[in-house]
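Atoms considered below: every heavy atom in the structure, side chains included; atoms not considered: hydrogens, waters and symmetry mates.
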Amino acid sequence: MTGRSRENYNRNYINYVHSFAPPTQHFKTCTRAFCVGGLICCIGQFFRMMLELAGLTGDILAGTVSVMLIFLGVLLTGFGVYDRIGKNAGAGSIVPITGFANSVASPALEFKTEGFVYGTAAKMFLVAGPIIVFGVTAGAAVGLIYWLIAL
């Protein structure tokens with residue numbers, strides 16, 4: 001194939017693929033992602049306000065709210081609701097804490113038929129593994145820098 005015929009072939013292929021793909025509605029997609037992500041954050045804020053009224057403060061309050069959001073994300077993933085939310089909301093459902101809980105729970109549920117060790121336990125860290133490794137490494141590096149500065 002010559003260079004010009006290859007370009008023509010590629011252009012025809014791209015046009016063929018685009019003829020089957022529905023047009024992207026960027027404004028609608030971004031609006032939906034913004035609203036769903038904001039709703040998840042509002043739920044977290046509601047949890048925080050209710051726990052403040054119950055008397056929690058500081059790190060205990062922040063940790064409790066985080067655990068509640070993680071639990072909610074995993075629970076909704078287990079019931080198959082979070083996947084439907086993600087399909088309709090797109091990036092709005094990847095609010096950091098609930099999206100991370102979903103990314104850990106989804107592979108664990110998908111591969112549970114392969115057994116507890118090779119299925120659930122191994123696949124659970126398929127997506128989350130690199131994030132956990134980076135978090136531990138970054139935390140150790142920041143701690144080391146802080147320790148060196150404090151000397």
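Other members of the cluster containing I145 are I149, with ILVMFWY side chains joined at under 4.5 Å, either directly or via other members. Cluster note: F27 groups with no other residue, as no ILVMFWY side-chain heavy atom lies under 4.5 Å from it. Y16 belongs to a hydrophobic cluster with F20, counting contacts under 4.5 Å between side-chain heavy atoms of Ile, Leu, Val, Met, Phe, Trp and Tyr, direct or through other members. Alongside Y146, the hydrophobic cluster contains no other residue (criterion: ILVMFWY side chains under 4.5 Å).
In the hydrophobic cluster analysis, where Ile, Leu, Val, Met, Phe, Trp and Tyr join through side-chain heavy atoms closer than 4.5 angstrom, F71 is grouped together with V95.
Under the rule for a side chain to side chain donor-acceptor pair (under 3.5 Å), the partners of T98 that lie at least two apart in sequence or sit in another chain are Y82. Contacts of A101 classified as side chain to side chain contact (heavy atoms under 4.5 Å, CB included), with partners at least two apart in sequence or in another chain: I70, V74. Every residue two or more places apart in sequence or in another chain that forms a side chain to side chain contact (heavy atoms under 4.5 Å, CB included) with F79 is listed here: L75, V81. Taking the side chain to side chain contact (heavy atoms under 4.5 Å, CB included) definition, one finds that K87 meets it with nothing, sequence neighbours left out. Partners of I14 under the side chain to side chain contact (heavy atoms under 4.5 Å, CB included) rule, at least two apart in sequence or in another chain, are H18.
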Which side-chain N or O atoms in residues 38-61 pair as donor and acceptor under 3.5 Å with protein atoms at least two apart or in another chain?
none

Let me have the donor-acceptor pairs involving side chains of residues 129-140, under 3.5 Å, with sequence neighbours excluded, atom names and distances please.
unit_1	atom_1	unit_2	atom_2	d
T137	OG1	V133	O	2.8

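Here OG1 of T64 is found 11.0 Å from CG of L69. Values are rounded to the nearest 0.5 Å. Here the straight-line distance linking atom CG of L76 with atom OG of S93 works out to 11.0 Å at 0.5 Å rounding.
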